[in-house]
Amino acid sequence: SMLVSEADGGGSFSRHGILDAVLVAEEMGAAVAPGPLVPTNVVAATISRHGTDGQKAAWLPGLLSGELIGAWVAGDGAIVEAGAQADVFLVTGADGAQRIVAAADATVAPLGGLDLVRRFARVDVPVGVGESIGGDGERELLIAVTLQCAETCGVIQRIFDMTLEYMGDRYSFGRPISSYQALKHRMADNKMYVEASHAVTSAAARAVADEAADVAVQVSAAKSYIGALATEMIQDCVQLHGGIGVTWEHDLHLYLRRATVNRATYGTPAAHRDRIATALVGAA
C-alpha cells in the first residue's frame with residue numbers, strides 16, 4: 001500500500017511512500033525473505049498513478065490485501081519475478097507503451113533460479129492483449145531498482161554484522177581473529193562499503209520521491225555501485241569465515257545467492273553505467 005495513494009486505499013507513514021518502502025525492502029533483504037515485494041509494488045504504483053477507475057477497482061483491492069500478486073513484464077519474452085505466481089501483469093513494450101494483462105491471457109514458463117526462495121518465469125504476452133495504461137516504463141524501473149538496492153543493503157548489512165560477530169567468537173592461536181590487524185583492515189573496508197551503499201540508496205529513494213531532475217542518474221549510480229560491490233563483499237566475508245563459510249549448513253550462501261540475482265535483475269551494473277553516461281552526454 002505504500003506506493004498507492006490514500007484515495008485508492010493505500011497510504012504510508014511518511015509523505016513519500018517510497019521512503020517507507022525502502023525500509024521494508026531492507027528488512028526483506030536482511031531475512032533473505034521470499035515474496036514478490038518489488039514486482040507487486042511496481043504494478044500497484046502504476047495502477048494507482050495511471051490506471052482508470054475500472055482498472056483500479058479490478059486490481060488494487062486484491063493487490064493491497066495480498067490476495068493478488070502483480071508482476072512487471074519489461075519486454076516481450078521477459079524473465080519475470082513471480083511470473084508464474086502472478087494474477088496480473090504490467091507489460092511494458094519496447095516502445096514504452098504499457099498494458100494491464102490478466103495472467104490467464106499470457107504464456108508463462110516457470111524457470112529454475114539461483115535464489116532458493118525467489119521464483120522467476122519467462123512470460124510472453126500476445127500483441128494487443130490487455131488494457132492500455134499510462135506511463136512508459138521509466139518510473140517503474142526507478143522504483144524497482146531503488147527497492148532492489150535497499151534490499152541488497154539489507155543483505156550486506158546482515159552479512160557484515162554476521163561476520164563481525166563470528167570474528168569475535170572464532171579464536172586462532174589463543175586470540176579472536178578480529179584482533180588481527182590485516183583482518184581489521186578488511187572489515188574496515190567492508191564497513192565503508194556498507195555505509196556508502198546505505199547512503200547512495202537513500203539518495204536514490206529521495207530523488208524518486210521528489211521526482212528530481214537527475215533521478216535516473218542517482219538511481220543508476222546506486223545500482224551500479226551496490227550491484228558490483230555486494231557480491232564481492234559477501235565473497236570476502238565468506239573467506240573471513242573460513243571453512244564453515246563454504247558449507248550448505250551456513251546461511252552465507254543464501255545471502256550470496258540473493259545478491260547475485262539482484263545484481264543481474266533490472267539491469268546489470270554495466271548497463272546502469274551506460275544509462276549514466278547517456279544521461280550525462282544528453283545533458284552536456
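Every value quoted in this text rests on a predicted model; they were computed, and no experiment measured them.
A side-chain N or O of Arg263 and one of Thr231 form a donor-acceptor pair less than 3.5 Å apart. His272 and Ser220 form a side-chain donor-acceptor contact under 3.5 Å, judged by distance and modelled atom types alone. Residues Thr265 and Asn262 have side chains that never bring a donor and an acceptor to within less than 3.5 angstrom of each other.
Salt-bridge formation is not detected for the pair Glu6/Arg15: no Lys NZ or Arg NE/NH1/NH2 atom is positioned less than 4.0 Å from an Asp or Glu carboxylate oxygen. Under 4.0 Å is where a charged nitrogen must lie from a carboxylate oxygen, and between Asp115 and Arg258 at least one such pair does. A salt bridge links Arg275 to Glu138: one of the charged nitrogens lies within less than 4.0 Å of a carboxylate oxygen. Of the charged side-chain nitrogens involved, at least one lies within less than 4.0 Å of a carboxylate oxygen, so that Glu151 and Arg118 count as a salt-bridged pair.
Tracing side-chain contacts under 4.5 Å through hydrophobic residues (I, L, V, M, F, W, Y), one never reaches Val73 starting from Trp59; they form parts of separate clusters. Hydrophobic clustering, with ILVMFWY side chains joined whenever heavy atoms are under 4.5 angstrom apart, groups Leu90 together with Leu64.
Ring geometry for His241 against Tyr166 counts as parallel: the plane angle stays under 30°, on a 0 to 90° scale with 60° as the upper cut.
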Report the C-alpha distance between Ile47 and Asp8 in whole Å, list the side-chain angles of each, state the deciding distance to 0.1 Å, and finish with yes or no for side-chain contact (heavy atoms from CB on, under 4.5 Å).
-> CA-CA 10 Å; Ile47 294 175; Asp8 295 328; over 6 Å; no
For the pair Val91 and Gln98, evaluate side-chain contact (heavy atoms from CB on, under 4.5 Å) and give the outcome as yes or no after the intermediate values.
-> CA-CA 5 Å; Val91 181; Gln98 299 200 123; over 6 Å; no
For side-chain hydrogen bond (donor to acceptor under 3.5 Å, both in side chains), just list the numbers for Gln157 and His198, CA-CA rounded to whole Å, side-chain angles, deciding distance to a tenth of an Å, and then say yes or no.
-> CA-CA 9 Å; Gln157 181 68 65; His198 282 299; 3.0 Å; yes
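Of all non-hydrogen atoms in Ile69 and Ala82, the two that sit nearest each other are CG2-CB, 4.2 Å. Heavy-atom minimum distance, Tyr225 versus Ser197: CE2-OG, 3.7 Å. Across Ala205 and Ile18, no two heavy atoms sit closer than the pair O-CG2, 3.6 Å. Annotation for Ala71 and Pro39: closest pair CA-CB, 3.8 Å, computed over non-hydrogen atoms.
A donor-acceptor pair under 3.5 Å links the side-chain atoms of Arg119 to the main chain of Leu116, judged by distance alone.
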